[in-house]
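Step one of this worksheet: look at the structure below.
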Amino acid sequence: MLAFITRRLVTSVLIFFSATFVVYIMAANLGDPLADLRELPPQDREAAIADRTERMNLDKPVVARYFLWLGGVLTGDLGTNRVGQDVNLMLERALGATLQLVLAATVLSIVIGVGIGVISALRQYSALDLGVTFGVFVCFSLPVFWVATLLKQYGAIEFNDWLADPSLAWWVIGLIALFMGAVFSSLLVTDRRTRLMAFGVAAAVTAVLLAVLSATAWFADPGLGPIVIGLTAGAAAVGFATLFSGLEWNPTMKAAAICAALGLVSHFALLPFLDDPTWWFMGLLALLTVAICWAVGYFVGGELYRRSAVPVSILTGLFTAAVIFVDRMLQSFASFSESVRGRPISTIGASTPNYSGSFWDHGLDSFGSLILPTMALLLISLASYTRYSRASMLEVMNQDYVRTARAKGLPERTVILRHAFRNGLIPITTLVAFDIGTVLGGAVIIETVFGWRAMGDLLITGINERDPNPVMAFFLVAGTAIVVFNMIADIVYAYLDPRIRLS
Amino acid sequence: MVQPTPAAAPGQTPGTSDAAQGMNVKARTQTQLVIRRFLRHRGAIAGMALLFFVIALAVTSIGAGPIPGWWDKNHIGTADLVNGGRPTLGLWPGFLGGGGVHLGEHPFGQDNIGRDYFAVVMRGTQVSLVIAVIVGVVATAVGTVIGAVAGYFRGAAEATLMRATDLMITIPTLLFAAMVAVMWGNQNIVTLGLVLGAVTWTQTARLVRGEVLALREKEFVEAARSVGTSAARIIFKHLLPNVIGIIVVSVTLAISSAILLESALSFLGLGVQAPDTSLGKIINEYRTAMMTRPWLFYWPGAFIIATALSINFIGDGLRDAFDPRQNRVRA
Amino acid sequence: MSMNTPIDPSAALATSSAATDALAESAEEVHTAYTLADSKPPLDEEVLRVENLTVEFPTDEGSVKAVRGVSYTVRAREVLGIVGESGSGKSVSSMAVMGLLPRSARVRGRVLYRGQDLLAMRPKQQRSLRGRKIAMVFQDPMTSLNPVHTVGDQLAEAVLAHELVPRAKAMARAKEMLELVGIPQADRRLRAYPHEFSGGMRQRVVIAMAIINDPDVIIADEPTTALDVTVQAQILEKLLEVKDAVNAAVVMITHDLGVIAGMAHRTLVMYAGKPVEIGATDEVFYRPHMPYTAGLLGSIPSMEGDRTERLRPIVGTPPSLIHLPQGCPFTPRCPLATDECRENEPELLPVPGATGKAGDTPAPSGAGPIGEHRAACHHSDRLGAAEDATVFFRTEAELRAEREEGR
């Protein structure tokens, strides 16, 4: 196993270095990097050209320039761009925003995409499945820059305008309610009457909820409050426990309920400490949550239920913590919105320049600038994850071992989670490795639309100015990401599939 | 042991009609079966219809080469703004209380300097389609040959080609495509298509290689080898015809992703260069007009989506038709 | 794979040569160690009764009538063989008994486990019987175990699905079962993954999984079809052994008459979704009353007597289950077919001189007293009158072929 990974790592690194050579040679041959200088008035021209020739080593052959660059890279120096700016510095500024965007989009698209794909496979040929399948095809056919522009127009500009007077028209409420009704009813596999009832209930609840939120202008000053937090935590406890050990009052359910209750208590207890925390503090709290919930699961679960009680407790605890986090952040929304002159969703840049505020304000600021680009980027990979995991699940559900699992008398959720899902995930790991390159490309386009000065800018400017060093900086990051993701995919693959691990 | 082969069937009475006994087994060729299954795929048929409509509209309206167009305006000439440049297309039938179905003076509207936007979009569609088809064909051809060779040969040839493919995969497609487009592709649209095709073949290569790897162990290949058939002949006469399904599906998928790739590059200003235009380039030119003249943004986008969507559906239908049991999705 | 069962090279050769030879050999080999005669006799206690079971699958082309009224009963420690060609409905009917058919299937009839109707139960109730009281052994051991979980986990899981016991206890039971089915070093093997086992060993694991909860009925769906010939015999013996160990009834589904001959107390022959002959295995084999059974028997190469005689497989193919012909579905392939056969489908009726076991209650819908020999054929008397039904069938088939060639 270790040998397998080492061998893969060595090949990947070798291939990566050959790739830097190829990319450098191409980047250095994009065109004439002196073109703009040749337009200068004659008196400045000579000196400027000589200056840039020297800086870019244009008097040396391309291959020599590559090795000069490579030598620099190995000592941590990425060189300068054609006007002498330090590329290290440029990269440092660009990297954070792009990585945030790419990671957020990748993680979200894996979680959401696999989730939707699995559910739609389990409800094959239902309205939901057909809708998802069609949606996937549409997503495959959407130009990302077009969607990004659209999102910028409606998700940012018009949304910000709407926040000034946040009320929903009755037909919008109606449409959303109908949609929710349709989704919930097609999730069920029962007779027509129950489905109709589910449709009615889901639609009605959605409609009432939206109407109340709209009437109270909740969207301008949102928040959840202890009641909603309590209800959500309770629902999460029941949901996770049902998923792992069935809908019945057993020690697992009990442990989950205790964790949800503890969460609600800590919501009040922690209030004074959450005015302006740091990320370290939040991380510590998360660790503490895991530790406490683990203990609850371990002891309440007892010998018979430990295997389900521990993960259920931890999941419930973390979920409740996330809800409390969101609640606290929403409470800061009104003041944040005011501090950015009522335009909380950013249309330009990865963060508001020179903004200073509390932990929560900064959080909302990054959220406001990340949400739309992430949504646009999600669209690219969400579709492939959905389609892939749907196909993979369908294939696995037809396998003999799933039938064997059913023949043992296992409940359907165990058959799906332990037998089908685990196997269905195996081919998806390979997709992660393939997908990351596409996502990076998509990020470049989306950053252009949203005016981020990040990795995409580095690349596009570098190409337009025929300047290899910024292009190479982009490729170093992108190529490393691809190699690393391939590595992770290999490891996860081996972890999931003992046939690989043990050979 | 109790299952007689169909060859045993001649013993049966010709008089007792098979159909009457519910035993009608019509012999169908592979091709007939594929066509039958394809025609049953509703999405694919709808896709075919939509694609045909888009192509016919783009080719006949402003004409292409020797084909004269029926639309009286071109994508360069300007005219006075009619109704502020808003689209004059009407689709609301008169009997429903609308203004009737009509094209009007400028069905898709006009841009800020008064060009007929219908002609502009049609011109862009033509260019985008030409590039996409070239990319699709080149990528599939290169990918098929590389995949087949890498799959058929063992040793150095396979290793080299697979490492080359790995190398290509390490470089993000957009970066690679942008660089070749800037280096060679900005002269004309055909070269752009060729160079883009040269960097997007990796998916096809992987698919074909996987398939050939499985096929090369089959008896008929063994047989061909044992009678001294040359490697090239085995690959082209024996192996490739068996992966034709994958190749056909690859072409469609490569075309649909090429449409998106070209439009993205043109949007970034790295693809099609003036005086040529393409759907992506049009969107880039007019995207600042989103607030004031939204139609300038929607029309080209709609044509990109319509084309890509219809080709994707056709590809899905073809995949189902070639291998109905295969649940695999595009990689 | 360190645990490959030693394979006799000649047996391995036999599998790769003509399949019929190999299958016939397997029939011989069944009689080596633990035979039906050695195993404990059936009890009178009836554990499973299937009544008029029908299964239909809706498709685009029409409804596929996969099973068209199957009835049988099995008693504790009894082995019932169900034999038929692929597509005769034998597997589908057993999947229906297990409740493992896809949701789209339309199942009707009654499946009574100790008097409780499985088909009328709530899903949860049905699930609690599945794997605990009624267990199944599948055809292909290479695919019927989950590759990503250890054998021990998969065995223990079967226990934990029905009983609230600590994992360690379930594992101990798993180990016990592995030992029972003859897997050496069970302790170590519990932690191994299925791909580390050979085919025969995997099938033993599947059998261990089936009996781990001490079931009353074991349904074995072609348990030896995917295995090497030598291993086949071992697995069949093992099945007989575990049947006695847990006092279970066995429903053995196969297309291999050789397997049935050595394994089953009674045999049910299916054709086109319907039972066409049922009775004690010896009765069915030596006095077949349905031309299809006779034809099946005639298509196995005989090891005795005149070896120069040509094998005569049944001509034609089974009918489409969507558009079933009127009358007896075997008519197009039957040398005895008359106009009556083309018009009316014969019922499953006791053959002349049939004997049921005394004291058996007749089933309401055609199953008859247990052990009664029944056949569904308008011409069962003609077959019954023949000295050797197989030879009779063969001669008739040749005559008919000549008649048709002459035309």
Side-chain angles (χ1 to χ4, degrees), chain A residues 122-126 189-191 245-248 250-252 301-308 394-427 429 492-503, chain C residues 1 94-95 98-104 123-124 126-150 153-170 192-196 205-206 209-210 212-213 215 219 221 226:
Chain A
L122 296 178
R123 300 279 174 272
Q124 199 187 4
Y125 301 133
S126 69
V189 254
T190 41
D191 54 306
S245 78
L247 183 59
E248 55 187 25
N250 57 27
T252 303
E303 200 185 359
L304 291 177
Y305 284 91
R306 203 161 278 161
R307 275 164 74 87
S308 55
L394 282 181
E395 197 169 321
V396 169
M397 291 301 284
N398 281 327
Q399 294 292 314
D400 287 353
Y401 52 77
V402 169
R403 191 183 55 186
T404 310
R406 288 209 179 101
K408 281 188 226 177
L410 292 172
E412 192 62 14
R413 77 188 136 71
T414 315
V415 173
I416 289 165
L417 282 181
R418 205 182 300 161
H419 291 273
F421 184 59
R422 171 85 186 265
N423 281 282
L425 274 183
I426 295 176
T429 54
V492 174
Y493 198 116
Y495 167 76
L496 288 174
D497 192 343
R499 286 164 295 189
I500 304 289
R501 196 191 326 149
L502 299 175
S503 60
Chain C
M1 279 197 245
S94 60
M95 296 299 267
M98 285 297 287
L100 289 179
L101 288 175
R103 274 198 297 274
S104 61
K124 203 169 173 183
Q126 199 187 2
R127 179 164 63 72
S128 83
L129 290 180
R130 195 190 301 153
R132 187 166 62 96
K133 292 299 177 192
I134 307 179
M136 191 149 184
V137 176
F138 294 101
Q139 176 172 359
D140 189 354
M142 305 312 274
T143 56
S144 52
L145 291 171
N146 191 330
V148 304
H149 295 295
T150 61
D153 275 338
Q154 296 186 56
L155 285 166
E157 188 182 54
V159 178
L160 295 171
H162 299 286
E163 263 177 85
L164 202 56
V165 291
R167 243 181 84 74
K169 219 167 172 182
Y193 288 92
H195 73 269
E196 300 169 80
V205 172
V206 175
M209 197 180 282
I212 199 162
N213 287 317
I219 300 177
D221 187 358

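Lettering of chains follows the sequences in order, A, B, ..., and the numbering in each one begins at 1.
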Can you say whether C:Val165 sits under 4.5 Å from chain A via the side chain, the backbone, both, or neither, judging by heavy atoms? backbone
A:Glu303 portion near chain C, given a 4.5 angstrom heavy-atom threshold: side chain
Check against side chain to side chain contact (heavy atoms under 4.5 Å, CB included), A:Arg403 and C:Met136: CA-CA 10 Å; A:Arg403 191 183 55 186; C:Met136 191 149 184; over 6 Å; no
Considering only heavy atoms, which portion of A:Arg418 lies under 4.5 Å from any heavy atom of chain C: side chain, backbone, both, or neither? both
Check whether any side-chain N or O of A:Lys408 sits under 3.5 Å from a backbone N or O of C:Met209 as a donor-acceptor pair, and report yes or no. no
Structural part of C:Glu157 lying under 4.5 Å from a heavy atom of chain A: both
Given a strict heavy-atom distance threshold of 4.5 Å, which part of C:Ala135 is in contact with chain A: side chain, backbone, both, or neither? neither
Answer with side chain, backbone, both or neither: which region of A:Arg422 has an atom nearer than 4.5 Å to a non-hydrogen atom of chain C? side chain
Please list, chain by chain and in numerical order, all residues satisfying side-chain contact (heavy atoms from CB on, under 4.5 Å) with C:Pro147, sequence neighbours excluded. A:Tyr401, A:Asn423, A:Arg499
Would you check, one step at a time, whether the test side chain to side chain contact (heavy atoms under 4.5 Å, CB included) holds for A:Tyr305 with C:Leu164? CA-CA 9 Å; A:Tyr305 284 91; C:Leu164 202 56; 3.6 Å; yes
Look at A:Ile426, A:Thr404, A:Leu496 and state which one has the largest set of heavy-atom pairs under 4.5 Å with chain C. A:Thr404
Picking from C:Gly99, C:Pro102, C:Ala158, C:Ser128, which has the most non-hydrogen pairs under 4.5 angstrom with chain A? C:Ala158
Output all residues satisfying side-chain contact (heavy atoms from CB on, under 4.5 Å) with A:Ala405, sequence neighbours left out; order by chain, then residue number. A:Leu410, A:Val415, A:His419
Tell me which of these, A:Thr414, A:Leu304, A:Val402, has more heavy-atom pairs under 4.5 Å with chain C than the rest. A:Leu304
As an exercise: rank C:Leu145, C:Asn213, C:Val159 by heavy-atom pairs under 4.5 Å with chain A and give me the winner. C:Leu145
